[in-house]
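Heads up, the thing below is written out as structure tokens.
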Amino acid sequence: MKRATRIAIIGTGFSGLGMAIKLKEAGFEDFVILEQSDNVGGTWHDNHYPGCACDVQSALYSFSFEQNPNWTRMFARQPEIQAYLRHCAEKYGLMEHIRFKTHVAGARWNDKTSAWMIETCDSPGLWAYMEEKGLKPGSELDRSDKSLPAFRKLRAEILVSGMGGLSTPAYPEIKGIDTFTGASFHSQTWDHDYDFRGKRVAVIGTGASAIQFVPEIAREVAHLDLYQRTPPWIMPKPDRELRPLEQAMFNKFPQTLNALRQSIYWMLEARVLGFVANPRILKIGELQARRHIRNQIRDKELRKKVTPDFHFGCKRVLISNNYYPALDQKHVDVLTDGIREVSGNTIIDIHGVERPVDCIVYGTGFKAQEPIPKGMIFGRDGRDLLDAWCDGAQAYKGTTVAGFPNFFMLMGPNTGLGHSSMVYMIESQVQYVLDAIKKMDHWGWKSVDVTADACGRYNASIQARLGDSVWQTGCKSWYVNENGKNTTLWPGFTWQFRQQTRRFDAEQYLCEGGEATTSNSMASPSEVGSGRHPEFGV
């Protein structure tokens with residue numbers, strides 16, 4: 001196993017595979033993809049709970065250069081998406097570049113060598129260690145513990161993170177939760193061996209994952225307690241099977257599939273007008289969501305419990321046809337009083353009411369405000385990335401951070417969407433990173449580091465645009481950090497993001513090392529040789 005590579009990519013989800021495919025197409029072969037699991041797919045491999053599916057239409061939630069005429073549903077389910085990504089990895093010759101069961105424990109920039117030193121270890125060994133120590137994903141490791149699995153070193157000139165923002169599970173902070181004597185697991189680490197039949201089960205959380213798995217387990221359990229802190233707005237899901245005739249047409253006439261893709265794209269893009277331009281437009285969506293509640297729930301008290309008291313769109317709008325009917329059953333209780341503590345196999349609410357349960361399932365989502373764990377990425381002067389984000393995660397064009405040379409994030413801060421496909425955003429960022437690498441080769445730069453001024457001005461403009469959006473209307477969501485700063489969402493049309501990432505704007509970067517190979521550039525050879533590119537406006 002080689003100990004050095006030109007480019008290291010973390011993750012084999014849409015981001016990592018998309019980056020690798022475009023690198024290979026451009027003639028770059030010296031790269032490795034580090035994957036902690038035993039198969040490709042990223043979140044679509046790691047999340048495999050019952051009912052797991054995408055909430056964006058399949059025709060759009062796929063690579064533009066690898067459209068799939070054989071989707072079986074309008075909204076693909078997890079196994080089909082994971083199989084699609086495996087197909088992409090095999091078709092484009094990526095399997096030989098992937099190091100499976102490889103956990104990235106940390107990466108540190110070295111100014112002297114202009115390279116990243118990456119530490120990796122065996123994933124199964126690390127997971128066994130963490131289970132033994134009672135550690136959860138994202139927990140810091142005690143490097144002095146000799147029982148830790150052995151770490152290996154990998155040197156890379158360029159580091160690309162394809163980890164995404166929804167990769168580290170979040171767990172609730174509840175007194176006594178760690179002493180629970182029954183079974184328990186997070187939606188991302190679903191225990192398929194657990195038999196729900198005849199059991200009393202508690203589900204904590206009512207987010208995007210919970211509304212998918214709750215209807216599935218509600219069919220089997222003897223009793224289900226659903227602990228809801230804040231109800232989400234839920235719309236009907238326009239899902240159906242794709243007919244064999246449609247699949248045949250997509251295969252024979254690919255332009256028809258692309259036409260479907262384009263129509264979905266522009267239909268979803270129109271939602272931005274309500275989210276950002278004029279939130280009052282979303283009142284139409286709220287009326288539809290209220291009608292959905294009335295149509296699917298008979299119990300008037302339950303209707304009140306599941307009706308949000310915040311603006312439609314402030315939190316993520318979900319889609320489901322079977323969630324409300326699952327709640328409107330005699331053996332399902334929706335509990336809104338909150339949990340005081342857990343004792344043995346009993347959950348005690350804030351009023352002291354005790355409810356014994358056999359199993360707790362956490363539908364509490366992910367640490368979106370900490371897309372990369374503390375103690376993992378160290379830039380210039382050994383600075384931890386999370387320390388650089390003391391006021392909340394931010395990056396230049398969601399991709400680069402000042403003080404972290406040659407480090408590129410895909411699905412970084414403020415690239416998330418509340419209305420369309422993240423794959424479109426990923427492809428836009430991949431183009432930006434690829435152009436950066438091409439320019440580094442062309443000019444002979446050893447490192448590129450966005451200036452703090454460019455990064456600051458860019459993020460100030462992002463926050464200004466977010467100020468009047470529906471996401472800032474007062475609700476508490478994972479979009480916004482504890483200081484009220486939205487660090488996750490892109491405040492505009494996706495085609496606007498693609499415009500700004502169509503080329504690597506080296507004038508906003510400190511580009512060090514090397515000599516220019518051509519004078520056909522905004523910088524003169526002397527400017528490049530000095531390691532600086534002239535700055536223009538963001």
One pair to check against ring-ring contact (aromatic ring centres under 6.0 Å, His included): F63 and F14. What are the steps and the verdict?
CA-CA 8 Å; F63 290 124; F14 275 100; 5.2 Å; yes

Go through the steps for Y49 and Q78 under the test side-chain hydrogen bond (donor to acceptor under 3.5 Å, both in side chains), then give the verdict.
CA-CA 9 Å; Y49 55 82; Q78 177 267 335; over 6 Å; no

Are more than 12 heavy atoms from other residues, nucleotides or ligands located less than 6.0 Å from atom [atom1] of [X]?
{"X": "R86", "atom1": "CZ", "answer": "yes"}
{"X": "D191", "atom1": "CG", "answer": "yes"}
{"X": "K175", "atom1": "NZ", "answer": "no"}

Do [Y] and [X] meet the salt-bridge criterion of a basic N to acidic O distance under 4.0 Å?
{"X": "E25", "Y": "K438", "result": "no"}
{"X": "E119", "Y": "K153", "result": "yes"}
{"X": "E96", "Y": "K24", "result": "yes"}
{"X": "D122", "Y": "R152", "result": "no"}
{"X": "E80", "Y": "R77", "result": "no"}

For residues 114-154, which residue pairs pass the ring pair (Phe, Tyr, Trp, His ring centres under 6.0 Å) check, not counting sequence neighbours?
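Qualifying pairs, neighbours excluded: W109-W116, W116-F407.
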
Assess whether ring-ring contact (aromatic ring centres under 6.0 Å, His included) is satisfied between Y509 and F504, documenting all intermediate values.
CA-CA 10 Å; Y509 287 74; F504 178 69; 4.4 Å; yes

Side chains of S144 and D142: is there a donor and an acceptor less than 3.5 Å apart?
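Yes, D142 and S144 have a side-chain donor paired with an acceptor closer than 3.5 Å.
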
Determine whether the side chains of E66 and Y92 contain a donor N or O and an acceptor N or O closer than 3.5 Å.
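Present: a donor and an acceptor within the cut-off.
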
Using modelled atom types and a 3.5 Å cut-off, is there a donor and acceptor pairing between side-chain atoms of R261 and backbone atoms of Y61?
no

Donor-acceptor contact below 3.5 Å, side chain Q57 vs main chain A59
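Not confirmed, Q57 side chain does not pair with A59 backbone.
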
Compare every heavy atom of D391 with every heavy atom of K485, then report the nearest pair and how far apart it is.
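Taking K485 first and D391 second, the nearest heavy atoms are CD-O, 3.4 Å.
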
Atom of G313, atom of V470 and distance for their closest heavy-atom approach
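Scanning both residues, the minimum pair turns out to be O-CG1, 3.5 Å.
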
Taking the ring of Y171 and the ring of Y362, is the distance between their centroids below 6.0 Å?
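Y362 vs Y171: aromatic centres under 6.0 Å.
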
I'd like to check the side chain to side chain donor-acceptor pair (under 3.5 Å) partners of D193; sequence neighbours left out, ordered by chain and number.
none

